[in-house]
Amino acid sequence: MYHEPMPPDRVRARRLQIADQLRAVRIHARLTQETVSLRAGIGLDTYNRIEQGHASPQLDTLIKIAEAIGVPLERFVRG
């Protein structure tokens, strides 16, 4: 079984920060993970892994998630 190499600590920390922002914005918008995943056209398991910080979304996926929640992409990628 193939395992991805662990990202450097700073990358992992930023991924977790984005995950926290996703969760906070989703909750503020009063949306469920299921609703966001359906609107974004991605699987619920995939969305859950992204929001938990266990997976790094591709840019296209992050754009779809931002649109599904109704916020600009910049909300998640600002440093």
CD1 of I65 to CD1 of I18, rounded to nearest 0.5 Å, is 10.5 Å
Value rounded to 0.5 Å, distance of CD1 in I69 from CZ in R30
15.0 Å
To the nearest 0.5 Å, atom CZ of F76 lies from atom CG of L62 at 6.5 Å
Mind listing the closest non-hydrogen atom pair of K64 and A40 along with its distance?
CD-O, 3.4 Å
Are I50 and R15 side-chain neighbours, meaning at least one heavy-atom pair lies under 4.5 Å?
no
First locate atom OH of Y47, then atom CZ of R26, and finally report the distance between them rounded to the nearest 0.5 Å.
5.0 Å
For the CG atom of L16 and the NE2 atom of H54, what is their distance to the nearest 0.5 Å?
8.5 Å
Evaluate the side-chain proximity of N48 to E51: yes if any heavy-atom separation is below 4.5 Å, no if none is.
no
Taking it one step at a time, do L73 and E67 satisfy side chain to side chain contact (heavy atoms under 4.5 Å, CB included)?
CA-CA 8 Å; L73 175 65; E67 289 176 353; over 6 Å; no
Return yes if some donor-acceptor pair links the side-chain N/O of T46 with the main-chain N/O of I42 below 3.5 Å, else return no.
no
Non-hydrogen atoms of G53 and A19 that approach each other most closely
N-CB, 3.6 Å
Please tell me whether L44 and L22 are part of a single hydrophobic cluster in this structure, the criterion being side-chain heavy atoms less than 4.5 Å apart.
no
Could you check whether Q52 and R49, counting side-chain N and O atoms only, form a donor-acceptor pair closer than 3.5 Å?
no
Please say yes or no: joined through hydrophobic side-chain contacts below 4.5 Å, possibly via intermediate residues, are L38 and I27 part of one cluster?
no
For P57 and A55 the tightest heavy-atom approach is CD-O, 3.6 Å
Enter the distance from D45:CG to Q33:CD here, rounded to the nearest 0.5 Å.
10.0 Å
